A.B. asks: 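Quick one: the structure is below, and I'll ask about it shortly.
Residue numbers start from 1 in every chain, and the chains themselves are labelled A, B, ... in the order their sequence lines are given, proteins ahead of strands. It should be emphasised that the depicted structure is a prediction, and the values quoted were computed from it without experimental measurement.
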Amino acid sequence: MDSVRIADIGGYEGQEVRIEGWLYNKRSSGKIHFLIVRDGSGFLQTVAVRGELAADQFDLCGGLTQESSIVVTGRVRADERAMGGFELTLTGIELVQLAKEYPITLKEHGVDFLLDHRHLWIRSPRQHAALLIRDEVIAAAEEWLRTNGFIKLDSPILTPAACEGTTTLFETDYFGEKAYLSQSGQLYVEAGCMAFGKVYCFGPTFRAEKSKTRRHLIEFWMIEPEMAYATQDDNMVVQEQFVSHIVKRCLENRHDELVLLGRDLSKLEAVTAPFPRVSYDEAVEMLHAGGREFEWGDDFGAPDEAVICSRFDKPVFITGYPTKVKAFYMQPEPDRPEVVKCADLLAPEGYGEIIGGSERIHDLDLLEQRMREHDLPRAGYEWYLDLRRYGSVPHSGFGLGIERTVAWISGSEHVREMIPFPRLLNRIYP
RNA sequence: UCCUCGAUAGCUCAGCGGUAGAGCAACCGGCUGUUAACCGGUGGGUCGCAGGUUCGAAUCCUGCUCGGGGAGCCA
């Protein structure tokens, strides 16, 4: 008999199949048991009827506990009364392990309790759906990049110095020398694009900031494309193609999961290139027109971003930030050096920044000057300066935060549920 | 680091000066179509920790610990 995954059950109507899974829930009515089985690919209602199943097996069903591992066989039947449209009439059941009292019930639980049991929580339907959407986002992102000529060139996680020098880094010991967990692979993909033209890195990123909001993780995943001979205008065109492809793929391949999470699909269907572009100057005017106090030259706070992106139904680029609030490597506008060639991409519906990108400085003298202004130790950056000594060209790139993107696409309110095992302020378990 | 809210049964919570409660989970029983199934019964507590006020504190006050939400910083 074929072992079948629940996701494929529709193709086996009328046949007897075998499913290897776990008991998600049980409803019992004396002479009939409804066992809801999950197998990782989906959920399926199975029906055990007294008289149609061997007596010892029927009794076994009555004693099953939540999350017990079971192998069931039965006949596939279309039935409108079952979630998913198909049901299995049991002809046999084998108990693999009788689960002890399962801590996560079908009732409500608090966040702290659920995070303490994250290793079990990921079995729950909503968490399962969110992590499937995460997988789709990653697959779609890499698919788009590879079909558009990018190669994956991983950057190191153990690094000798700060990439941007601003945020707090996790320090570790490297055989007697100080080393830091990477907070960005960007500097390394800049080297990569001079070797391969178009590259990206994808990996975990570490920020030792004491951030405690629904938008922050201590360890999060970032995908960072970098392109040689690309201007900031080219960069934004790539980003809007890239992001709209990711959204489209999720709508195509994870429709059921989006619906399960209650996502308004029309909001996602509206996400098509091109995306609106608003200059920093215009954004400041928007804030003033809305009655907010804001001084030109400051960076936007989360409430400011919310005001701006609430005016659009697509992601919106905010371009041309003041030089002094951005990273040292960003290329200034030639006729307006107080502003840099950069853009943040703000997701709609208040989800905030999902991409930060810019054109990088390619002139050696200017880059050296910026590093002095930012008090960066020259020695650790000699290799980076070499990129401006040997065939320097204009180049641009960006970083997309995976968990924030997944939170936006799935309509979830917190990034901590968008990664299998979140690292949060004061949480490194499990 | 700052602002704010919270901590009572395994879980989610009510009780807010006078004998510790409910729903769910567990256990026992009932039920042939359940959808967080339902009905009856049983067991289950150092009310976060330490002081203080009071005849009497889960309840009021102070400090501490842990957690939620937000700010800053960022993706």
A.B. asks: Taking the C1' atom in each of B/C11 and B/C2, what is the distance between them to the nearest angstrom?
C.D. replies: 33 Å

A.B. asks: When the distance from NZ of A/K212 to C1' of B/G6 is rounded to whole Å, what number comes out?
C.D. replies: 11 Å

A.B. asks: In Watson-Crick or G-U wobble terms, both distances under 3.5 Å, what is the partner of B/C27?
C.D. replies: B/G41

A.B. asks: Determine which pairs satisfy ring pair (Phe, Tyr, Trp, His ring centres under 6.0 Å) with at least one residue from residues 49-76 of chain A, sequence neighbours left out, and list them in order.
C.D. replies: A/H33-A/F58

A.B. asks: In the strands shown, is B/G18 matched to any nucleotide by a Watson-Crick or G-U wobble pair with both distances under 3.5 Å, and which?
C.D. replies: B/C55

A.B. asks: Could you work out, with side chain to side chain donor-acceptor pair (under 3.5 Å) as the rule, every residue matching A/Q127, not counting sequence neighbours?
C.D. replies: A/R118, A/E417

A.B. asks: By a strict heavy-atom criterion of less than 4.0 Å, which residues belonging to residues 57-65 of chain A are in contact with RNA chain B?
C.D. replies: none

A.B. asks: With both distances under 3.5 Å as the test, what is the Watson-Crick or G-U wobble partner of B/A9?
C.D. replies: none

A.B. asks: Between the base of B/C24 and the side chain of A/T105, is there a donor-acceptor distance below 3.5 Å?
C.D. replies: no

A.B. asks: Check nucleotides 21-23 of chain B against the protein and report each pair of N or O atoms closer than 3.5 Å, with its distance, or say if there are none.
C.D. replies:
none

A.B. asks: Side chain to side chain donor-acceptor pair (under 3.5 Å) with A/E219: which residues, sequence neighbours excluded?
C.D. replies: none

A.B. asks: To the nearest Å, give me how far apart CD (A/E224) and C1' (B/C74) are.
C.D. replies: 13 Å

A.B. asks: Could you tell me how far apart A/L425 (CG) and B/C2 (P) are, to the nearest whole angstrom?
C.D. replies: 13 Å

A.B. asks: Return each pair, listed once, that meets side chain to side chain donor-acceptor pair (under 3.5 Å) where at least one residue sits in residues 302-314 of chain A; pairs must be two or more places apart or across chains.
C.D. replies: A/R292-A/D304

A.B. asks: What is the distance, rounded to the nearest whole Å, between atom OH of A/Y24 and atom C1' of B/A36?
C.D. replies: 8 Å

A.B. asks: Holding to ring pair (Phe, Tyr, Trp, His ring centres under 6.0 Å), I want the full list of residues that pass it with A/F86, two or more places apart in sequence or in another chain.
C.D. replies: none

A.B. asks: Using the side chain to side chain donor-acceptor pair (under 3.5 Å) criterion, which residues pair with A/E359? Sequence neighbours excluded.
C.D. replies: none

A.B. asks: What's the CG-C1' distance between A/L400 and B/C74, to the nearest Å?
C.D. replies: 14 Å

A.B. asks: Determine the contact category for A/E87: base if any of its heavy atoms lies under 4.0 Å from a base atom, sugar-phosphate if only primed atoms, P, OP1 or OP2 are that close, otherwise nothing.
C.D. replies: base

A.B. asks: Check if the side chain of A/R427 and the base of B/C66 share a donor-acceptor pair of N or O atoms closer than 3.5 Å.
C.D. replies: no

A.B. asks: Do any side-chain nitrogens or oxygens of A/R416 fall under 4.0 Å of OP1 or OP2 in B/G69?
C.D. replies: yes

A.B. asks: What donor-acceptor contacts under 3.5 angstrom involve side-chain atoms of residues 6-15 of chain A, with partners at least two apart or in another chain?
C.D. replies:
none

A.B. asks: Just N and O in the side chain of A/R215: are any of them under 4.0 Å from OP1 or OP2 of B/G69?
C.D. replies: no

A.B. asks: Just call it for A/T205: base, sugar-phosphate, or nothing, with non-hydrogen atoms closer than 4.0 Å on any strand.
C.D. replies: nothing

A.B. asks: Taking the same atom, P, in B/C60 and in B/C47, what whole-Å distance lies between them?
C.D. replies: 16 Å

A.B. asks: Over how many whole Å does the gap from A/I32 atom CD1 to B/C31 atom P extend?
C.D. replies: 14 Å

A.B. asks: Could you tell me which nucleotide pairs with B/G63 by Watson-Crick or G-U wobble geometry, both distances under 3.5 Å, or answer none if nothing does?
C.D. replies: B/C49

A.B. asks: List the residues meeting side chain to side chain donor-acceptor pair (under 3.5 Å) with A/T105, not counting sequence neighbours, and say none if there are none.
C.D. replies: A/H109

A.B. asks: With ring centroids as reference points, do A/Y280 and A/F300 lie under 6.0 angstrom apart?
C.D. replies: yes

A.B. asks: Give a yes-or-no answer on whether the side chains of A/T73 and A/T91 include a donor-acceptor pair shorter than 3.5 Å.
C.D. replies: yes

A.B. asks: Between atom CZ in A/R404 and atom P in B/C73, what is the gap in whole Å?
C.D. replies: 12 Å

A.B. asks: What is the distance, rounded to the nearest whole Å, between atom CD of A/E101 and atom P of B/A25?
C.D. replies: 10 Å

A.B. asks: For residues 34-45 of chain A, which residues have at least one heavy atom under 4.0 Å from RNA chain B?
C.D. replies: A/F34, A/Q45

A.B. asks: Under 4.0 Å between a side-chain N or O of A/H216 and OP1 or OP2 of B/A71?
C.D. replies: no

A.B. asks: Please report whether the ring centroid of A/Y384 lies less than 6.0 Å from that of A/Y329.
C.D. replies: no

A.B. asks: Under the ring pair (Phe, Tyr, Trp, His ring centres under 6.0 Å) definition, can you give me all pairs with a residue in residues 117-139 of chain A, not counting sequence neighbours?
C.D. replies: A/F113-A/H117

A.B. asks: Which one is paired to B/C2, where only Watson-Crick or G-U wobble pairs with both distances under 3.5 angstrom count?
C.D. replies: B/G70

A.B. asks: Which base sits across from B/A36 as a Watson-Crick or G-U pair, both distances under 3.5 Å?
C.D. replies: none

